[in-house]
Amino acid sequence: MASLRDIKKRIDSTSKMKKITKAMEMVSASKMNKAEQNAKAFVPYSEKMQEVVASIAKHTDATHPMLQTREVKKTGYVAITADSGLAGAYNANILRHLNNTIQKNHDSSDEYTVIAIGRMAVDFCKKRNFPVAKSIIGLPDQPSFAFIKDIASETVQMYSDQEIDKLVIIYNHYVSAISQVVTTNQLLPIENMDTTTGSSSQYEYEPGEEEILAVLLPQYAESLIYGSLLDAKASEHAARMTAMKSASDNASDLIDDLSLSYNRARQAAITQEITEIVGGASALE
């Protein structure tokens with residue numbers, strides 16, 4: 001049985017850990033609220049961009065390579081993870097899904113490449129010798145488009161240069177503070193573009209539809225990557241908040257159990273001392 005001193009040390013160390021996890025929970029909650037606002041604020045821009053592109057694609061004969069399906073010889077996967085852990089299964093779910101997708105669809109490393117966003121994705125790919133075309137780490141908690149513009153534009157350019165024939169993004173979609181779902185979306189070629197939810201606005205294009213598509217489609221694809229990143233960041237902060245809350249609750253339960261053990265051990269020690277005193281007194285009579 002552990003001594004009173006050992007139990008007391010465990011109670012003190014667990015109490016200090018609880019303070020840390022509680023503070024991290026509050027910080028993550030604040031970051032989650034801001035990230036959720038950023039993700040929601042980006043939606044109108046993305047929807048308007050989609051409306052314009054869909055309008056051109058539907059009402060004109062203009063074409064663009066990003067709208068045309070071609071034989072898939074090589075697939076690019078954009079994997080969005082965090083730079084650190086302590087977020088429950090947030091990173092593990094994404095990386096497991098990425099690994100399963102690659103194992104299922106590809107027999108050779110020549111058939112795919114990974115665009116890794118986040119330190120966890122970079123380290124995971126290195127350990128498993130997955131080909132990494134591009135990577136970025138050190139993402140801020142509230143990333144701006146300027147921060148990821150280079151990797152987004154370079155990724156889209158890989159499709160335009162036919163280095164890859166299909167671009168897929170894997171990330172955690174934010175549903176609520178307690179629910180994040182691993183989501184896989186095909187970014188390029190752009191398919192199943194919804195043309196029914198847009199407004200009835202009529203557009204006039206100068207100099208022409210094809211020239212407009214040449215400018216808008218890369219920007220639209222880049223905006224999809226950025227929008228997914230904002231969504232993923234909201235999920236990351238939510239997952240970390242939930243994980244830290246669970247850690248704080250577990251620490252409270254452990255402290256209660258240790259306190260009970262401490263009190264029992266202390267009572268047993270007191271009882272032992274009284275018994276020894278009474279026994280000594282009886283021996284002197």
Side-chain angles (χ1 to χ4, degrees), residues 1-42 79-99 116-124 127 136-144 147 170-183 227-269:
M1 183 176 179
S3 65
L4 288 174
R5 180 177 296 177
D6 292 338
I7 298 175
K8 183 63 175 176
K9 286 182 178 179
R10 288 195 63 189
I11 291 175
D12 292 341
S13 62
T14 306
S15 298
K16 292 177 181 178
M17 185 63 67
K18 179 183 175 181
K19 291 180 181 179
I20 295 174
T21 56
K22 193 66 178 178
M24 293 180 67
E25 176 190 346
M26 296 175 65
V27 170
S28 296
S30 176
K31 291 180 179 179
M32 182 198 68
N33 291 333
K34 180 63 175 176
E36 183 181 6
Q37 293 175 6
N38 290 340
K40 290 182 177 179
F42 188 76
I80 301 178
T81 63
D83 284 328
S84 59
L86 298 178
Y90 173 82
N91 294 305
N93 289 340
I94 299 171
L95 298 176
R96 186 185 304 112
H97 187 78
L98 172 64
N99 184 65
I117 299 179
R119 187 181 301 277
M120 291 298 179
V122 174
D123 293 344
F124 179 84
K127 288 180 180 179
I136 184 172
I137 59 176
L139 289 172
D141 292 321
Q142 315 298 337
S144 64
F147 192 88
I170 301 175
Y171 68 100
N172 258 318
H173 169 59
Y174 177 84
V175 178
S176 67
I178 59 173
S179 177
Q180 300 86 41
V181 180
V182 177
T183 302
S228 299
L229 178 61
L230 293 179
D231 197 359
K233 273 296 180 181
S235 297
E236 176 190 342
H237 297 315
R240 184 166 288 112
M241 180 192 71
T242 302
M244 291 301 99
K245 184 179 186 305
S246 296
S248 299
D249 294 341
N250 291 337
S252 297
D253 294 339
L254 181 57
I255 290 172
D256 291 341
D257 293 340
L258 290 172
S259 297
L260 182 59
S261 298
Y262 179 83
N263 291 333
R264 285 177 176 174
R266 182 170 176 272
Q267 186 63 45

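Keep in mind the model is a prediction, meaning the values are calculated, not measured. Reckoned from all heavy atoms, side chains included, excluding hydrogens, waters and symmetry mates.
Partners of D257 by side-chain hydrogen bond (donor to acceptor under 3.5 Å, both in side chains), not counting sequence neighbours: none found. Residues that satisfy the side-chain contact (heavy atoms from CB on, under 4.5 Å) test with L254, not counting sequence neighbours, are R10, T14, L258. Listed by chain and number, the residues in a side-chain contact (heavy atoms from CB on, under 4.5 Å) with L86 are M24, R240, M244 (sequence neighbours excluded). With sequence neighbours excluded, no residue forms a side-chain hydrogen bond (donor to acceptor under 3.5 Å, both in side chains) with R266. For K19, the salt bridge (Lys or Arg N to Asp or Glu O under 4.0 Å) test picks out no residue, with sequence neighbours left out. Contacts of Y262 classified as ring-ring contact (aromatic ring centres under 6.0 Å, His included), with partners at least two apart in sequence or in another chain: none. Not counting sequence neighbours, S246 has no partner by the side-chain hydrogen bond (donor to acceptor under 3.5 Å, both in side chains) test. With sequence neighbours excluded, no residue satisfies side-chain hydrogen bond (donor to acceptor under 3.5 Å, both in side chains) with S228. Under the salt bridge (Lys or Arg N to Asp or Glu O under 4.0 Å) criterion, D123 pairs with no residue at all, not counting sequence neighbours. Residues forming a salt bridge (Lys or Arg N to Asp or Glu O under 4.0 Å) with K22 (at least two apart in sequence, or on another chain): E25. With sequence neighbours excluded, no residue satisfies salt bridge (Lys or Arg N to Asp or Glu O under 4.0 Å) with K18.
Here the OG atom belonging to S28 is positioned 8.5 Å from the CD atom belonging to E236, to the nearest 0.5 angstrom. In this structure, CD1 in I94 is found 9.0 Å from CD1 in I170, a value given to the nearest 0.5 Å. The line from OG of S261 to CG of D6 is 12.5 Å long, rounded to the nearest 0.5 Å. Separating the OH atom in Y171 from the CG atom in L229 is a distance of 10.5 Å, to the nearest 0.5 Å. Atom-to-atom distance recorded for H237:NE2 and Y90:OH is 8.5 Å, nearest 0.5 angstrom.
Here the shortest heavy-atom pairing between A121 and L95 reads CA-CD2, 3.9 Å. Between A177 and M32, the shortest heavy-atom distance links the atoms CB-SD, 3.9 Å. The shortest heavy-atom contact between S176 and A238 is O-CB, 4.3 Å. Heavy-atom minimum distance, A265 versus I7: CB-CD1, 4.4 Å. Residues S248 and T21 come closest through the heavy atom pair OG-OG1, 2.9 Å. F147 approaches G138 most closely through the heavy-atom pair CZ-O, 3.4 Å.
For the side-chain contact (heavy atoms from CB on, under 4.5 Å) with N93, the lone residue among V182, T81, L98 that qualifies is V182.
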Problem set entry | Test salt bridge (Lys or Arg N to Asp or Glu O under 4.0 Å) applied to K16 and D12, step by step | CA-CA 6 Å; K16 292 177 181 178; D12 292 341; over 6 Å; no
For this session: Apply side-chain contact (heavy atoms from CB on, under 4.5 Å) to D231 and T183, showing your working.
Result: CA-CA 11 Å; D231 197 359; T183 302; over 6 Å; no
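The closest donor-acceptor contact from the side chain of D83 to the backbone of R119 lies under 3.5 Å. Proximity of a side-chain donor or acceptor of S235 to a complementary backbone N or O of N172 within less than 3.5 Å is detected.
Applying the salt bridge (Lys or Arg N to Asp or Glu O under 4.0 Å) rule to pairs touching residues 27-42 yields K31-D141, E36-K40, sequence neighbours excluded.
Using modelled atom types, one finds no donor on one side chain facing an acceptor on the other under 3.5 Å when comparing N99 with R96.
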